[in-house]
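Below, all heavy atoms of this structure are taken into account, side chains as well, without hydrogens, waters or symmetry copies.
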Amino acid sequence: MKVLFMCTANSCRSILSEAMFNHLAPQGFQAVSSGSFPKGQVLPRSLSTLQAAGIRTEGLYSKGNDAFEGSPPDVVITVCDKAAGESCPVYFGPALKAHWGLEDPSDVDGDEASIQAAFDATLRTIATRCQAFFALPFADLDPGELKAELERIALLQAEQA
């Protein structure tokens, strides 16, 4: 199963999601990420946060939808923060769509420790959601049931791990 994580810039939340998903993924699952207006570079703190967590960063780059042409996703998950008034990208293909909103840790103001804590908390929430995703009984779920499960997973935060 191929999962596409989308946000606007593809430099932070969707990159963290792609990397964590692939880090935890059992055989047969793969993630890619993209942005509707890719920034062209991954935020250095996104990469350092992943590296500190022991997650590979090789091959991660800020990209648009052309990155998965010829290999469409089965599931598309947007990770923008609608609550903050962000406009989420739209995927027009036939994939199942879900929204796992995440506050943007790169928008946090404060000292280095506060900013890093926001990145770490975001990564933990992504891990919690990915673990719940992999625990789903995919063979027993029809598309409507899978969509409902994805919506339930969107509500999970790291504290519920």
Inset, instruction - Return the minimal non-hydrogen interatomic distance between L136 and I153, and the atom names on each side. - result: CD1-CD1, 3.9 Å
Legend entry - Nearest non-hydrogen partners of Q131 and L24, listed with the distance: CG-CD1, 3.9 Å
Inset, instruction - Mind checking salt bridge (charged side-chain N to carboxylate O under 4.0 Å, His left out) for E151 and listing every partner two or more places apart, or none if nothing turns up? - result: K147
Inset, instruction - Keeping to residues at least two apart or across chains, list the side-chain hydrogen bond (donor to acceptor under 3.5 Å, both in side chains) pairs with something in residues 135-145. - result: none
Inset, instruction - Take atom CG of D109 as the centre, draw a 6.0 Å sphere, and report whether it contains more than 12 heavy atoms from other residues, nucleotides or ligands. - result: no
Legend entry - side-chain hydrogen bond (donor to acceptor under 3.5 Å, both in side chains) against Q27, all qualifying residues, sequence neighbours excluded: none
Inset, instruction - Would you give the length of the straight line joining atom CZ of F133 to atom CG of L156, rounded to the nearest 0.5 angstrom? - result: 13.0 Å
Inset, instruction - Please check if atom CZ in R152 has more than 12 non-hydrogen atoms from other residues, nucleotides or ligands closer than 6.0 Å. - result: yes
Inset, instruction - Check side-chain hydrogen bond (donor to acceptor under 3.5 Å, both in side chains) between S46 and all other residues, then give those that pass, not counting sequence neighbours. - result: none
Inset, instruction - Any chance you could measure L47, atom CG, to T57, atom OG1, to the nearest 0.5 Å? - result: 5.5 Å
Inset, instruction - Scan side-chain atoms only and decide if Q41 and S62 contain a donor-acceptor pair under the 3.5 Å cut-off. - result: no
Inset, instruction - Heavy atoms only: give me the nearest V79-S14 pair and the separation to one decimal. - result: CG2-N, 3.7 Å
Inset, instruction - Could I get the full list of side-chain contact (heavy atoms from CB on, under 4.5 Å) partners for A154, not counting sequence neighbours? - result: W100
Inset, instruction - Return yes if a side-chain donor-acceptor contact under 3.5 Å exists between N10 and S34, otherwise no. - result: no
Inset, instruction - Would you name the heavy atoms of A98 and L150 that are closest together and state the gap between them? - result: CB-CB, 3.7 Å
Inset, instruction - Given side chain to side chain contact (heavy atoms under 4.5 Å, CB included), test L4 with I77 step by step and report yes or no. - result: CA-CA 6 Å; L4 168 63; I77 300 173; over 6 Å; no
Legend entry - Residues in side-chain hydrogen bond (donor to acceptor under 3.5 Å, both in side chains) contact with S48, at least two apart in sequence or another chain: none
Legend entry - Listed partners of K97 passing salt bridge (charged side-chain N to carboxylate O under 4.0 Å, His left out), at least two apart: none
Inset, instruction - Determine which pairs satisfy salt bridge (charged side-chain N to carboxylate O under 4.0 Å, His left out) with at least one residue from residues 14-29, sequence neighbours left out, and list them in order. - result: E18-K63
Inset, instruction - Check step by step if side chain to side chain contact (heavy atoms under 4.5 Å, CB included) holds for L123 and L50. - result: CA-CA 8 Å; L123 192 61; L50 290 166; 3.8 Å; yes
Inset, instruction - Output all residues satisfying ring-ring contact (aromatic ring centres under 6.0 Å, His included) with F29, sequence neighbours left out; order by chain, then residue number. - result: F134, F138
Legend entry - Any pair counted as salt bridge (charged side-chain N to carboxylate O under 4.0 Å, His left out), so long as it reaches residues 35-48, sequence neighbours left out: R45-E112
Inset, instruction - For the pair Q157 and R129, evaluate side chain to side chain contact (heavy atoms under 4.5 Å, CB included) and give the outcome as yes or no after the intermediate values. - result: CA-CA 8 Å; Q157 297 297 319; R129 292 176 183 178; 3.0 Å; yes
Legend entry - Closest non-hydrogen atom pair between C12 and D104, with its separation: SG-OD1, 3.9 Å
Inset, instruction - Could you tell me whether the side chains of T49 and Q116 share a donor-acceptor contact shorter than 3.5 Å? - result: yes
Inset, instruction - Give the intermediate values and the outcome of side chain to side chain contact (heavy atoms under 4.5 Å, CB included) for residues V76 and L96. - result: CA-CA 6 Å; V76 174; L96 189 92; over 6 Å; no
Inset, instruction - Would you please name every residue forming a ring-ring contact (aromatic ring centres under 6.0 Å, His included) with F37, sequence neighbours left out? - result: none
Inset, instruction - Using atom types as modelled and distance alone, determine if a side-chain donor or acceptor of H99 lies under 3.5 Å from a backbone N or O of C80. - result: yes
Legend entry - Shortest non-hydrogen contact from R13 toward D81: NH1-N, 3.5 Å
Legend entry - Reported CE-to-OG distance for the pair M6 and S33, which is rounded to 0.5 angstrom: 10.0 Å
Legend entry - Verify same cluster id: V3, Y61 (apolar side-chain graph, 4.5 Å): no
Inset, instruction - Under the side-chain hydrogen bond (donor to acceptor under 3.5 Å, both in side chains) rule, collect the residues that match up with T122, sequence neighbours excluded. - result: none
